[in-house]
Protein chains: 2
Amino acid sequence: MTTDTRVRILIAAAALFARKGFHGTSTREIAAAVDVRQPSLFHHFASKQAILAELLDRDLDPTLGRLRRLRASTPDPASALYAYLLEDIAELAVSPFDARGIYNDEVLEDPGLRPQRRKRRALHAEIRELVEEGIESGVFRSVDPAFARRAISGMVLDTIWAKESDDAGDLADRPRQLAEFVLRGLLRDPAAIEAVRQRALETGDR
Amino acid sequence: MTTDTRVRILIAAAALFARKGFHGTSTREIAAAVDVRQPSLFHHFASKQAILAELLDRDLDPTLGRLRRLRASTPDPASALYAYLLEDIAELAVSPFDARGIYNDEVLEDPGLRPQRRKRRALHAEIRELVEEGIESGVFRSVDPAFARRAISGMVLDTIWAKESDDAGDLADRPRQLAEFVLRGLLRDPAAIEAVRQRALETGDR
DNA sequence: GTCTATACTGGGATAGAC
DNA sequence: GTCTATCCCAGTATAGAC
């Protein structure tokens, strides 16, 4: 018994969205990739947009959950951020759904994707709060939290684009590299990074 | 005498591409924004893609030029990178052409945009080399240069997205914040950042 | 250099049989 | 749950008058 057609549609659509964008991908292409006829898609999803909505949900929901859990269980904002970045990048790397095409902000603008847009905002707010906590407690430099949040999102996004790029480098080490880079940019005392990583790994492992 | 229609098309198209993406923007919308009929566009540009191509050229050519000039005139890679980031972000902020929509990699894949794709690769290569030089000379930590290049691109891209966002923070200070963040992530000795900034400003000012 | 009219294509989605 | 057939619209681009 092969994988659920519904899931195969999601996987194929995600891959195509990543390569050609949402608008640049036709339902016919998705259908061809799944090896069904184009109208069959509409038995599983009400619309092309509904496919995207489910992809977004399947990425945003667990990500938001992870971050909130980490924030609750890890008092130190620096370690929480470090652990979040590790987990997020690692998760993106192993997910069957290629996330590279679903966060082009243009597409999230559509009124039909309001719930997803709200979740994404919530995620951004959580990260931003984490940065603010770090600044208030004095561990982070006093950067503009909005800027830091954007820088982090941009790096994460662009890092996952490296999935199959030619100049990808050592992919397995990417989560750590990213977390390290971000924390170094934020920490008032970069030497503290060893301790931060240590605490982050402790919380992550249990 | 109002601005050249050709230029007004470029400005309007860039703004729409930024908001809705290339595929998500129709030539009708562009025409409406310029207040001409849709077929009139084709007097100025051979195709919709040609509009995008020119936008890319107008951004890539000067950017690549600036970076190469800086590399030639600034022996210290750390300062060169700092100066480049300052200039690049500042330039993006004042450009009449909104650059946010033109670098969705999906769209650069089209065979018709090969020249632009090549230029972009060249730009990436230059940045990567800058990072490599910094590592070889011992000023930068030994990060994966491909990763660093991606992180930088991602941050720049996402930073310009902040142009009119609600949580934009202090926009005027963004170039410095970005350059500082990146250099802190790279420098082996973060305390050296003062000297790096100093040298960068000297080269930039003349 | 801009217009109107229109050709042509491809895309999303539905109807209804099996 | 998948198929064939088909509708309908939106999109790019061209022709040719002014």
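We name chains A, B, ... by the order of the sequence lines, and we start the count at 1 in each one. The figures here come from the full heavy-atom set of this structure, side chains too, leaving out hydrogens, waters and symmetry mates.
Close approach of DNA chain D to chain A, defined as any atom under 4.0 Å from a non-hydrogen atom of the protein, starts and stops at D/dG1 to D/dA5.
Every residue meeting the side chain to side chain donor-acceptor pair (under 3.5 Å) condition with B/S26, not counting sequence neighbours, appears here in chain and number order: B/E29.
Taking 3.5 Å as the limit, the base of C/dG12 and the side chain of A/R28 contain a donor-acceptor pair of atoms between them.
At a non-hydrogen distance threshold of 4.0 Å, A/Q38, A/P39, A/F42 from residues 29-46 of chain A come into contact with DNA chain C.
Test A/I135, A/L70, A/T74, A/L67 against A/L130 for side chain to side chain contact (heavy atoms under 4.5 Å, CB included) and you get one pass: A/L67.
Stacking of B/K48 on the aromatic ring of B/F42 is not recorded, the 6.0 Å distance cut-off and the 45° axial limit not both being met. A cation-pi contact, defined as under 6.0 Å to the ring centre and within 45° of the axis, is absent between B/R100 and B/F17.
Using cut-offs of 30° and 60° for the angle between ring planes, the B/F181 and A/F181 rings count as tilted.
Between B/K20 and A/E109, none of the side-chain N atoms (NZ, or NE/NH1/NH2) sits under 4.0 Å from a carboxylate O, so this pair counts as no salt bridge.
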Subject >> Step-by-step salt bridge (Lys or Arg N to Asp or Glu O under 4.0 Å) determination, B/R19 to A/E106 >> reply: CA-CA 5 Å; B/R19 215 162 54 79; A/E106 25 139 323; over 6 Å; no

**OP:** Verify salt bridge (Lys or Arg N to Asp or Glu O under 4.0 Å) between B/R117 and B/D110, making sure each step is shown before the conclusion.
**Re:** CA-CA 9 Å; B/R117 201 164 58 245; B/D110 193 288; over 6 Å; no

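The distance between atom NE2 of A/H23 and atom C1' of C/dG12, rounded to the nearest whole Å, is 13 Å.
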